[in-house]
Amino acid sequence: MDTRKPALPSLPADPAALEAFIDAGAALSGLTVDPAYRAGIKIHINAVTNAAKAVLAFETKDDAEPGPVFRP
Amino acid sequence: MNIEWKTAAALAEAVNKKQLSAAEAVSSAIKRITAFDSRTNAFTDVLAARAHETAAKVDKRVARSERMPLAGVPFSVKNLFDVKGIPTRAGSKINRERKPETHDSVLIERLEEQGAVLVGALNMGEYAYDFTGENVHDGNACNPHNAEHMTGGSSSGSGAAVAAGYVQLALGSDTNGSIRVPSSFCGLFGLKPTYGRLTRARSFPFVASLDHLGPLSRSALDLALSYDAMQGPDHEDPVCAQREVEATVPEIAKGAKGLRIAKLEGYFAKMGEPEAYAATELVAKALKVSETAELEDAGVARASAYLITASEGAALHLNRLRERAGDFDPDVRDRLIAGAMIPAAWTIQAQKIRRYFQAQAKKLFERFDVLIAPATPTRAPKIGQKTFKLDGQELLVRPNIGIYTQPISFIGLPVVAVPVWLDNGLPIGVQVVAPAWREDLALRVAYQLEQEGVCKSKPVSF
């Protein structure tokens, strides 16, 4: 059995790879990213990635029910 | 006392007793707004004609000996509430091109049924993705206690309008802290009810699974009066609970007697400036609280709320980002674009943690009825300030003002923010947190703190 923990999310160390991620993510969602937006976007991708580290490192059971509200 | 500094309860009492007319109360409010709002920038729309018309109707009802709990009380709403006759701009440039609304928000209707009078719509952070009160389209709201400082956001105008004495009540929204943060920075009482308690029908959303609406005021009783007037099921909002009105006004004078209260430590005793802890300690001492408690995994809860907010917020605005990215506030736009790139698996994991964290809080509430914690890590920063130091770490102001509010709203618990004045400087708030559906407990504690003079709002003079 592979007992290795999955790697936590982290930003690409290579600046060019982060630029490529932004380009690909924007294209996938049909967004046009003006060069002037990129510095701000990087700051916030960094912030959400840091938040995701804590979130994805937290163990939840397979049957843990997500919390959004829905009442049929 | 001048009309503007009366509480809503006292003003309504005077109108019901015909010592004051609703018309006089509304004229006084409009006059004060007109004279001084250039210094605070709280209002985006002053609806004088509508307000005078509504006030006249209230006075007719009083003449017929009808008693109303909010008779003649001027109030205003964050401009994400639909107001008949104006577009719901939600702090944005884009939305102001919408057609004027044909109906008021349900909460406005409910307050006016009880005699309150809408006098205008209020400034806010763009699309509610804000803790500062800064807005590039409408200008920054300024703190009435010191105009160089932030009001807090995103219900910035709501904080400024009540603290400046323009109105007795304002409505705001709170997704991650946007009622509690302006209450803290502006020295007000603010109620974020249980998630699903108050209908959100006919208001502009931000993060559907986290959005709450609620009041800000200068007294705990005024929160209870307005909250009771707004409760009740509503088929227009699928999240609104099918619960009948559970009145808090008859309960409020019970105060904190008999309640088991604990001060939250751990996560809530880190990352704040000394005044955040001093304010919480002051409240704890006044309530004779000796117990402490830890809400475990609050940090992960906050991180989860952060991801859900970024992701759901981006989903809401994706088409606008595609078509009109240049028309957004740059600070909001860049956060939303980053949010659009979050893998769905991250957000779903965050939603799983939400259910887990809710269970943790429930366990804690088996031992305690009420928990207290700081509302904000600092007093109001200066307008334009980009960073602050928390526990020695240089951090961005904008995303970190809500570190103490986010874990609580993440699981929808009701909270009253109460204002503390430690010295002659700016105020800072403390959160009084209750179990789900027990707003009455938080209001009772807030009321006692106010009666004892520990927490209060202070008038400003311009």
Side-chain angles (χ1 to χ4, degrees), chain A residues 2 4-72, chain B residues 195-196 208-210 238-239 241-242 297 299-312 314-315 318-319 321-323 325-326 328 330-343 345-359 396 398-400 410-412:
Chain A
D2 186 352
R4 284 176 303 175
K5 286 251 177 190
L8 295 176
S10 61
L11 290 180
D14 176 6
L18 180 57
E19 299 289 348
F21 171 76
I22 292 172
D23 289 338
L28 198 61
S29 289
L31 296 165
T32 305
V33 175
D34 188 286
Y37 306 170
R38 298 184 85 91
I41 292 169
K42 282 181 209 167
I43 288 170
H44 294 296
I45 288 178
N46 191 34
V48 293
T49 305
N50 282 333
K53 280 179 188 165
V55 169
L56 297 183
F58 196 85
E59 286 190 28
T60 52
K61 293 178 182 170
D62 284 339
D63 61 354
E65 192 70 22
V69 176
F70 181 78
R71 294 187 190 91
Chain B
Y195 179 74
S209 71
L210 291 170
V239 166
Q242 296 300 306
D297 301 311
V300 184
R302 190 242 170 174
S304 301
Y306 199 95
L307 284 185
I308 292 167
T309 300
S311 193
E312 281 193 39
L318 197 56
N319 281 337
L321 290 166
R322 283 184 186 127
E323 292 161 12
F328 278 78
D331 278 326
V332 176
R333 177 199 60 218
D334 296 348
R335 290 180 94 179
L336 290 172
I337 292 176
M341 297 176 185
I342 294 175
W346 294 9
T347 307
I348 291 166
Q349 170 69 354
Q351 290 286 15
K352 283 189 167 192
I353 289 171
R354 188 183 212 178
R355 189 80 71 190
Y356 159 83
F357 189 59
Q358 179 194 31
L396 288 171
R398 189 171 268 264
N400 287 299
F410 179 52
I411 48 171

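Here is how names work: the chains are called A, B, and so on, in the same order as the sequence lines, proteins then strands, and each is numbered from 1. Note that the structure is a prediction, hence the values are computed from the model and not measured.
Of all the heavy atoms in B:D331 and A:H44, the pair that sits closest is O-NE2, 4.2 Å. Across all non-hydrogen atoms, the minimal contact from A:S29 to B:L318 is CB-CD1, 4.2 Å. Taking all atoms of both residues into account, the shortest heavy-atom contact from B:A340 to A:L31 is CB-CD1, 4.0 Å. Here the closest heavy-atom approach between residue B:D334 and residue A:G40 is recorded as OD2-CA, 3.4 Å.
Note: B:K352 NZ to A:F58 CZ = 12.0 Å, rounded to the nearest 0.5 Å. The structure places CD1 of A:I43 at 12.0 Å from CZ of B:R398, a figure rounded to the nearest 0.5 Å. Here B:I337 contributes atom CD1 and A:R38 contributes atom CZ; the two are 10.0 Å apart, rounded to the nearest 0.5 Å. Interatomic distance, CZ of B:R335 versus CD1 of A:I45, reported as 13.5 Å (0.5 Å rounding). The distance from the CD atom of A:E65 to the CZ atom of B:R354 is 13.0 Å, given to the nearest 0.5 Å. Between atom OG1 of residue A:T60 and atom CZ of residue B:R355 there is a gap of 13.0 Å, rounded to the nearest 0.5 Å.
Using a 4.5 Å cut-off between heavy atoms, B:L336 does not touch chain A at all. The part of B:I342 that comes within reach of chain A is its side chain, from C-beta onward, which places non-hydrogen atoms under 4.5 angstrom from that chain. Using a 4.5 Å cut-off between heavy atoms, A:A24 makes no contact with chain B at all. In this structure, chain A has a heavy atom under 4.5 Å from the side chain of B:D297, while its backbone stays farther away. No part of B:R302 comes within reach of chain A, as not one of its non-hydrogen atoms sits under 4.5 angstrom from that chain. No part of A:A39 comes within reach of chain B, as not one of its non-hydrogen atoms sits under 4.5 angstrom from that chain. Looking at B:A325, both its backbone and its side chain come within 4.5 Å of chain A, counting heavy atoms on both sides. There is no contact between A:K53 and chain B, counting heavy-atom distances below 4.5 Å.
Under the side-chain contact (heavy atoms from CB on, under 4.5 Å) rule, B:M341 has a single partner from A:L28, A:I22, A:V48, which is A:I22.
Counting only heavy atoms from C-beta outward, the side chains of B:I353 and A:V55 approach each other to under 4.5 Å.
Judged as a ring pair (Phe, Tyr, Trp, His ring centres under 6.0 Å), not a single pair has a partner in residues 18-39 of chain A (not counting sequence neighbours).
Residue with the most contacts toward chain A among B:L307, B:L210, B:N319, B:L321: B:L307 (heavy-atom pairs, distance under 4.5 Å). Interface summary for chain B: among A:A51, A:G25, A:P66, the most heavy-atom pairs under 4.5 angstrom belong to A:P66.
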